[in-house]
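Structure, as structure tokens:
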2 protein chains.
Amino acid sequence: MARSQRTFRLKYNEALDFLAAGGRVESISGFARKLAVSRTTARSLIQQLRKRGLLDSDQGPLQRPVHQSDYYPRSQVLETTEILRSAFMNWIIREQLRPGHYVDEAQIATQLQIPMSNVREFLIGLSKFGFFRKHRGREWRVEPITRDFIGQMLNLRRMLEVNSVAPLVGLPHSDPFWPTLQSIRTRHVELLQTVGGETLPFVELDNRFHSLLNSASENRIMQVLQEAVFFIFHFHYRWGSSEEKARNEQAMVEHLQIIDALIERDSDRATSALIAHLSTAQNTLVASLENPSGDIR
Amino acid sequence: MARSQRTFRLKYNEALDFLAAGGRVESISGFARKLAVSRTTARSLIQQLRKRGLLDSDQGPLQRPVHQSDYYPRSQVLETTEILRSAFMNWIIREQLRPGHYVDEAQIATQLQIPMSNVREFLIGLSKFGFFRKHRGREWRVEPITRDFIGQMLNLRRMLEVNSVAPLVGLPHSDPFWPTLQSIRTRHVELLQTVGGETLPFVELDNRFHSLLNSASENRIMQVLQEAVFFIFHFHYRWGSSEEKARNEQAMVEHLQIIDALIERDSDRATSALIAHLSTAQNTLVASLENPSGDIR
DNA sequence: ATGGTGTTTTTTAATCATTAAAGACATTTG
DNA sequence: CAAATGTCTTTAATGATTAAAAAACACCAT
């Protein structure tokens with residue numbers, strides 16, 4: 001076969017959402033515009049929708065209710081980088097991926113049902129940060145991370161991120177930063193009220209929060225290192241003991257303090273809250289390294 | 001076609017060196033071991049050597065003198081990453097590659113006579129640092145670098161590198177660091193006495209010097225950022241005015257001071273020399289930014 | 001003019017086929 | 001039996017190929 005039908009499937013699901021919400025197909029061109037695809041693709045989508053009895057012509061509204069089974073499964077629709085990232089995240093958290101292990105391009109590609117070249121590119125990217133090293137052929141070794149490296153990285157993060165807070169409060173009211181910050185705030189409250197400090201959603205949210213701080217302040221170096229920090233933190237959380245959940249909750253509370261200070265445009269309070277937060281994180285990590293439960297070296 | 005014959009050509013040249021130096025082929029296996037290749041490859045090398053009249057059987061010494069024309073040209077033998085790196089270096093220095101330009105994977109691959117996948121991997125790597133961004137398909141855009149970014153990067157470099165000097169003098173006498181340092185020293189003296197501050201060789205040497213400092217001191221973050229700094233400095237040198245050569249010579253003199261202090265295991269003197277050197281570099285750069293001759297923004 | 005349609009052409013991204021190179025196996029030689 | 005050899009099998013890099021998706025084209029209807 002040739003290239004995958006990822007676009008088609010992704011947009012097919014989007015089309016179902018659109019139709020289920022009462023949307024109508026007015027014209028092929030309009031439909032294509034709505035879904036941000038070429039007419040070629042829009043045309044084949046409509047063809048498929050007709051074949052499945054969801055439409056009766058090239059125009060008009062839904063002909064029957066949409067079932068869950070009409071949708072393509074999520075795994076066939078996500079961006080491959082997203083698939084890869086969350087897969088690796090999972091493996092690390094479940095300790096199925098540790099320093100010294102070997103990973104195989106072909107195996108991962110098969111397992112995740114994505115093209116091998118994407119896996120390769122993903123690993124090449126991470127190898128720039130020293131997390132993986134090409135071993136031979138299509139095999140990659142998970143490299144150990146030294147304490148020094150982690151220490152350096154966290155110091156750096158603290159230094160750069162703290163400096164980036166002040167410019168943030170100066171952003172105009174219309175800047176997209178603010179709504180994004182709000183939505184992250186909402187998510188914090190939501191998580192705290194439901195699953196609490198559950199690792200997986202927390203890690204994701206934590207990453208979103210810090211990414212936002214860096215990207216909004218045009219902190220290019222930290223943007224470059226963001227992916228590295230992301231991975232380090234995952235290795236970190238892996239060592240987490242039983243207090244992990246409590247620690248995550250504590251972190252979210254600290255995030256909220258920073259966020260609220262930002263929303264009130266209180267630069268000083270935001271900065272000191274951030275310093276406190278990053279120090280806590282760093283101390284926790286150092287402590288876990290002093291008394292390691294993993295095989296870091 | 002299938003995969004390239006880079007190994008074959010590289011090893012063929014090595015074999016010529018070996019034979020020209022009076023080496024003899026005792027056995028296929030031994031020959032393979034000597035060249036660190038499989039017997040399959042050794043066999044075809046010997047076959048080729050016989051065809052060219054350099055050997056008369058599967059054993060024995062050289063049958064005729066080796067001419068320069070017997071060797072494969074250097075460009076067909078180098079590691080592709082080396083080819084790529086020096087090609088990009090050249091383009092940047094000659095101002096044939098500037099922010100806003102577009103580069104095309106296929107075109108570069110054809111031009112340099114290397115596989116397209118290698119070009120792609122190289123660009124993916126650099127895109128991690130924000131120097132290139134995938135534009136559409138196989139086209140990449142050269143991204144502008146902001147002054148802030150450069151400033152941050154150089155600050156960072158200074159901070160990390162200065163901290164890494166002290167551990168170096170503690171390295172045991174047997175550490176490979178010392179001979180490498182010696183050879184870099186020799187190269188400095190050699191350059192100063194011949195071409196002086198000629199851009200191309202200087203840049204290469206400068207990079208080797210700083211890489212050594214970072215790798216020997218296990219400064220992982222800086223190792224990660226080394227490639228980025230390398231590129232920044234190239235963009236930097238591009239803006240260089242007529243004093244560029246003098247500036248490079250000055251830098252080499254400063255390098256020598258650092259090197260000599262290290263060789264004498266004088267940590268304090270090495271550190272202060274390094275601080276002075278990095279400050280000079282940073283000041284020069286800042287000055288060139290204040291009064292830009294390029295189109296940095 | 002504007003916005004639509006069917007058809008054709010071009011571009012892009014994934015697989016496929018092919019060959020370089022390595023490795024495994026059985027056998028021979030000294 | 002230790003080391004070499006020829007033959008055969010396996011692995012992986014790379015250009016060629018192919019299908020998905022986009023874009024261009026020619027035309028039509030308002």
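Labels below follow one simple rule: chain letters A, B, ... track the order of the sequence lines, proteins then strands, and each chain is numbered from 1. What you see is a predicted model; the values in this text were computed from it and never measured.
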*asked:* Taking 4.0 Å as the cut-off, does a side-chain nitrogen or oxygen of A/T7 come that near to OP1 or OP2 on D/dA20?
replied: no
*With a cut-off of 6.0 Å (strictly less than), are more than 12 heavy atoms of other residues, nucleotides or ligands near CD of B/E79?*
no
_Once salt bridge (Lys or Arg N to Asp or Glu O under 4.0 Å) is applied, do any residues pair with B/R133, and if so which ones, sequence neighbours excluded?_
B/E143
Sort me out a list of protein N/O and nucleotides 9-11 of chain D N/O pairs below 3.5 Å, or just none if empty.
none

*Kindly write out the residues that satisfy ring-ring contact (aromatic ring centres under 6.0 Å, His included) with A/F132, not counting sequence neighbours, or none if the list is empty.*
A/F88
*asked:* Expected output is a numbered-order residue list: members of residues 21-33 of chain A with a heavy atom under 4.0 Å from any atom of DNA chain D. What is it?
replied: none
*Take the protein atom CG of A/L10 and the nucleotide atom C1' of C/dA13, then report the distance between them rounded to whole Å.*
16 Å
*Going through the checks in order, is the salt bridge (charged side-chain N to carboxylate O under 4.0 Å, His left out) test met by B/K134 and B/E139?*
CA-CA 6 Å; B/K134 205 187 283 186; B/E139 224 173 42; over 6 Å; no
*Using atom CD of A/E139 as one end and atom C1' of C/dG23 as the other, report the distance to the nearest whole Å.*
15 Å
*Round to the nearest Å and state the distance from B/K11 atom NZ to C/dA22 atom C1'.*
13 Å
*Between B/D58 and B/R43, is there a side-chain N and carboxylate O pair less than 4.0 Å apart?*
no
_Between CD1 on residue B/I28 and CD1 on residue B/I46, distance to nearest 0.5 Å_ = 5.0 Å
*Enumerate the residues from residues 35-50 of chain A whose closest heavy atom to DNA chain C is under 4.0 Å, giving them by residue number; use none for an empty result.*
A/R39, A/R43
*Whole Å only: how far is the CD atom of A/Q113 from the C1' atom of C/dT15?*
15 Å
*In whole angstrom, give the distance that lies between atom CZ of A/R9 and atom P of C/dA14.*
11 Å
_According to salt bridge (Lys or Arg N to Asp or Glu O under 4.0 Å), does anything in residues 10-33 of chain A pair up with another residue at least two apart or in another chain? List the pairs._
A/K11-A/E14, A/R24-A/E26
*Classify the nucleic acid contact of B/N118 as base, sugar-phosphate or nothing, counting any heavy atom under 4.0 Å across all strands shown.*
sugar-phosphate
*For the pair made of CG in B/D104 and P in C/dT11, what is the distance, rounded to whole Å?*
12 Å
_Greater than 12 external heavy atoms within 6.0 Å of B/Q113's CD_ = no
_In this structure, how many angstroms lie between the P atom of D/dT5 and the CG atom of B/D58, rounded?_
8 Å
*asked:* Nearest whole Å is fine: how far is D/dT17 C1' from B/M116 CE?
replied: 13 Å
*Ion pair present between A/D70 and A/R64, side-chain N to carboxylate O less than 4.0 angstrom?*
yes
*Among A/L16, A/N13, A/L10, find the one that has a side chain to side chain contact (heavy atoms under 4.5 Å, CB included) with A/Y72.*
A/N13
_Does either side chain, that of A/T41 or that of A/S38, offer a donor lying less than 3.5 Å from an acceptor on the other one?_
yes
